[in-house]
Number of protein chains: 4
Amino acid sequence: MGNPDRKAEIRASAAEVFASKGFDGASIRDVAKAADMSLAGLYYYYRSKDEILFDIQNEAFTTLLDGHAEALAGIKDPEEKLQKVIEGHLAFFSANLASMKVMSRESEALPGELGAPVRELRRRYVRLLRGILDELGVDHPLHEIKTGVAVFLLFGMMNWMYTWYDEERDGSAADLADAVRLIFLRGLLRRP
Amino acid sequence: MGNPDRKAEIRASAAEVFASKGFDGASIRDVAKAADMSLAGLYYYYRSKDEILFDIQNEAFTTLLDGHAEALAGIKDPEEKLQKVIEGHLAFFSANLASMKVMSRESEALPGELGAPVRELRRRYVRLLRGILDELGVDHPLHEIKTGVAVFLLFGMMNWMYTWYDEERDGSAADLADAVRLIFLRGLLRRP
Amino acid sequence: MGNPDRKAEIRASAAEVFASKGFDGASIRDVAKAADMSLAGLYYYYRSKDEILFDIQNEAFTTLLDGHAEALAGIKDPEEKLQKVIEGHLAFFSANLASMKVMSRESEALPGELGAPVRELRRRYVRLLRGILDELGVDHPLHEIKTGVAVFLLFGMMNWMYTWYDEERDGSAADLADAVRLIFLRGLLRRP
Amino acid sequence: MGNPDRKAEIRASAAEVFASKGFDGASIRDVAKAADMSLAGLYYYYRSKDEILFDIQNEAFTTLLDGHAEALAGIKDPEEKLQKVIEGHLAFFSANLASMKVMSRESEALPGELGAPVRELRRRYVRLLRGILDELGVDHPLHEIKTGVAVFLLFGMMNWMYTWYDEERDGSAADLADAVRLIFLRGLLRRP
DNA sequence: AATGAATGAGTATTCATTCAT
DNA sequence: GATGAATGAATACTCATTCAT
């Protein structure tokens with residue numbers, strides 16, 4: 001139903017609106033205005049406000065996961081894998097700040113029906129990273145830090161970005177990815 | 001205006017409600033019900049929904065900053081300072097999960113009048129940590145990572161906590177503080 | 001019930017408030033603030049908002065009617081009577097602008113129970129003036145103008161005052177009374 | 001926005017409601033019920049309660065002024081002009097009692113933004129009448145009565161009408177216009 | 001593919017009023 | 001005499017959503 005390009009435009013406008021006003025704080029009218037169409041027109045493309053949020057989150061996770069799958073193809077070294085994932089995550093983040101802000105802040109906003117698939121994607125995403133950390137585990141003999149905790153500390157460094165990141169002031173996403181990788185790997189693995 | 005104890009009760013109830021539904025998603029009716037009082041009764045203590053949020057954020061920041069001031073009194077070593085701040089932050093976080101979730105997620109919700117003092121407190125908080133990182137600077141000769149970025153990566157590790165932390169599964173706040181400090185210091189300072 | 005002086009103070013404050021915001025537009029809180037007392041304190045003197053309005057209107061009508069009774073004592077000539085009444089009305093009006101504005105604008109605001117006595121006073125007031133016009137009737141043989149209408153045209157000239165009168169710009173109440181009398185008598189009686 | 005006929009219907013219903021309960025005393029629900037539509041439906045046509053009042057007042061003033069402009073076209077004699085204006089005013093008044101009651105009673109209800117254009121129309125209306133009285137000035141050598149005051153006494157006779165006029169009892173608007181003109185002109189000009 | 005018109009349910013907030021003290 | 005605390009009912013207004021066209 002509906003021209004996919006138009007839908008993508010709407011999705012992008014909606015992400016901006018949700019990012020700046022919050023999902024609950026934004027009205028469908030705000031979204032329609034941002035997408036430069038009538039209120040009723042929106043409902044041709046989306047059946048509900050929730051569905052728009054779902055589409056934003058689903059699209060973002062899918063793109064991220066697909067990107068990682070491609071980037072990791074053929075790579076064996078877990079450190080290199082981690083690097084790729086951090087780079088990919090932050091590159092996508094800085095290129096899609098609105099969507100990622102919505103992803104980070106509105107992760108609980110969707111109720112069961114629509115929320116379940118998104119939660120599943122999120123779990124897959126966590127599992128992907130967790131798997132890589134497990135592979136790194138040999139270098140981490142004393143288990144000072146639980147892997148389950150480490151995963152979320154890493155996500156915290158990256159996802160908190162939406163609250164402060166300013167490319168001009170803070171450098172490129174690639175620089176940022178270096179910083180995150182450096183701190184995390186060196187911190188976790190206690191090697192010089 | 002209004003008994004301060006009753007106000008503290010309301011604040012706590014409101015923090016729970018805002019934490020679970022989001023500030024915009026929660027209604028004043030929800031807050032009143034959680035505080036077990038009438039809708040109109042709430043307005044005897046708070047003049048607006050915004051004012052409740054302000055009180056939560058203001059109180060949390062003030063308590064955090066006061067706690068740090070006390071904990072840092074007489075301490076010279078910046079590593080030790082950092083440890084105190086991380087411990088204090090996470091201890092408060094885990095003891096006041098609802099408030100901290102609200103702090104983390106609704107940092108932009110307050111408009112000018114009420115938002116300004118909170119933003120100022122937030123800036124003071126960042127400056128406090130930044131100051132400590134600056135003192136650590138000697139060990140950090142190559143400036144691989146900008147201090148301004150490092151501060152926010154640290155905050156990210158800590159503040160993201162509201163999205164995943166489960167004491168039972170993930171250990172005590174003190175353990176978590178150790179993990180954060182370990183990763184951050186070792187990662188940042190590149191020492192064994 | 002209640003010290004009558006304090007009650008008079010409250011009445012005066014309330015008249016100011018009702019005059020500036022309208023009876024419906026003003027809140028009991030506004031009145032309490034203007035009277036410099038607590039909301040609940042007001043209810044010691046008045047049992048309801050309506051009762052305050054009643055008191056204002058009742059007091060004003062009673063004072064006006066008493067004043068006229070005194071001023072007309074012993075006077076025979078209807079033209080002189082009319083002069084006295086117009087003078088009295090406008091003098092009271094300009095000395096009690098707030099009350100008279102409330103009288104003029106909120107004449108229908110009071111429901112049955114409290115409204116009835118005020119309506120009766122109003123009718124008495126109209127009858128007083130009508131009686132005087134009837135006495136003038138000899139000079140008015142052709143009945144170009146119904147007395148019932150004339151009374152209200154006269155009231156119109158006087159009561160509309162609250163919308164425009166400014167002593168500085170428009171002169172004293174006595175001057176105004178002269179103008180009203182002149183126009184009305186000469187206009188009505190068609191004499192040079 | 002919105003069909004202008006439907007808007008006119010709503011305006012008329014609203015005028016009735018505001019006339020009978022007062023602007024502050026009437027609720028938007030009352031207006032919606034009178035217009036036989038839903039509360040929210042009203043907001044498709046008007047963005048606020050104030051805007052409805054504005055529309056009533058603006059429409060009434062505009063119609064009155066346009067009517068006078070047409071009626072006065074080509075007339076030279078100021079007495080004739082005055083007659084036309086009084087007739088037009090009272091004819092409109094009696095044909096639109098509700099609107100005119102609202103105009104008369106709620107002249108201060110609109111705040112700045114919406115109030116300003118209405119106040120300007122009111123000023124134009126006063127100026128129109130004042131201009132005619134100035135032209136009459138030659139017959140009025142002793143200046144017993146200030147023109148500025150005379151204008152408002154005339155308005156008083158006419159606008160007070162909403163408090164008492166009953167066509168059956170008091171005669172047609174045309175008769176009333178005669179009475180007003182007679183009293184005012186004869187009274188002002190002191191001619192037989 | 002798109003929209004103008006409409007609505008029921010909900011929003012934050014204010015109201016006149018009460019009552020224990 | 002006076003007030004702090006509280007409330008049920010109402011306020012103006014906005015919401016996500018629908019439907020005829």
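Values in this document were obtained by computation on a predicted structure and should not be read as measured data. Here is how names work: the chains are called A, B, and so on, in the same order as the sequence lines, proteins then strands, and each is numbered from 1.
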Using the side-chain heavy atoms of [X], tell me which of these nucleotides is nearest: [options].
X     : options                : result
C:Y45 : F:dA2, E:dA6, F:dA6    : F:dA2
B:S38 : E:dT17, E:dA12, F:dA6  : F:dA6
C:A40 : E:dT18, E:dA2, E:dA16  : E:dT18
C:I28 : E:dA16, E:dA12, F:dC13 : E:dA16

Between [N] ([atom2]) and [X] ([atom1]): distance, integer Å:
X     : N      : atom1 : atom2 : answer
D:I10 : E:dA6  : CD1   : C1'   : 11 Å
B:M37 : F:dG8  : CE    : P     : 11 Å
A:L42 : F:dC15 : CG    : P     : 14 Å
D:L53 : F:dC13 : CG    : P     : 12 Å
A:K33 : E:dT3  : NZ    : P     : 15 Å
B:D50 : E:dA12 : CG    : C1'   : 10 Å
C:D36 : F:dA2  : CG    : P     : 11 Å
D:K7  : E:dA5  : NZ    : C1'   : 14 Å

According to a strict under-4.0 Å criterion, is [X] in side-chain N/O contact with OP1 or OP2 of [N]?
X     : N      : answer
D:Y43 : F:dC13 : yes
D:Y46 : F:dA12 : no
B:Y44 : F:dT7  : no

Side chain to side chain, [X] and [Y], heavy atoms closer than 4.5 Å:
X      : Y      : answer
D:R123 : D:R119 : yes
D:E106 : D:F18  : no
A:F23  : A:K49  : yes
D:I28  : D:Y46  : no

Original post:
Of C:R29 and B:G25, whose closest DNA chain E nucleotide lies nearer the 5' terminus?
Top reply: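 With B:G25 and C:R29 compared, the 5'-side residue is B:G25.
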
Original post:
DNA chain E: D:L39 or C:S48, which has the more 5' nearest nucleotide?
Top reply: D:L39

Searching all strands shown, indicate the nucleotide that pairs with [N] (Watson-Crick or G-U wobble; both distances under 3.5 Å).
N      : answer
E:dA20 : F:dT3
E:dA1  : none
F:dT11 : E:dA12

Original post:
What does C:R6 touch in the nucleic acid at a heavy-atom separation under 4.0 angstrom: a base, only the sugar-phosphate, or nothing?
Top reply: nothing

Original post:
So what does A:A26 touch, heavy atoms closer than 4.0 Å: a base, only the sugar-phosphate, or nothing?
Top reply: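 A:A26: backbone/sugar contact only, no base atoms under 4.0 Å.
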
Subject >> Residue whose nearest DNA chain F nucleotide is more 5′ - D:K49 or C:G41 >> reply: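 On the 5' side of the pair lies C:G41.
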
Subject >> Reference residue C:I10; test side-chain contact (heavy atoms from CB on, under 4.5 Å); the match among C:D36, C:D55, C:L42 >> reply: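 In the set C:D36, C:D55, C:L42, the residue that makes a side-chain contact (heavy atoms from CB on, under 4.5 Å) with C:I10 is C:L42.
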
Subject >> Pair D:D30-D:S27, side-chain donor/acceptor within less than 3.5 Å >> reply: yes

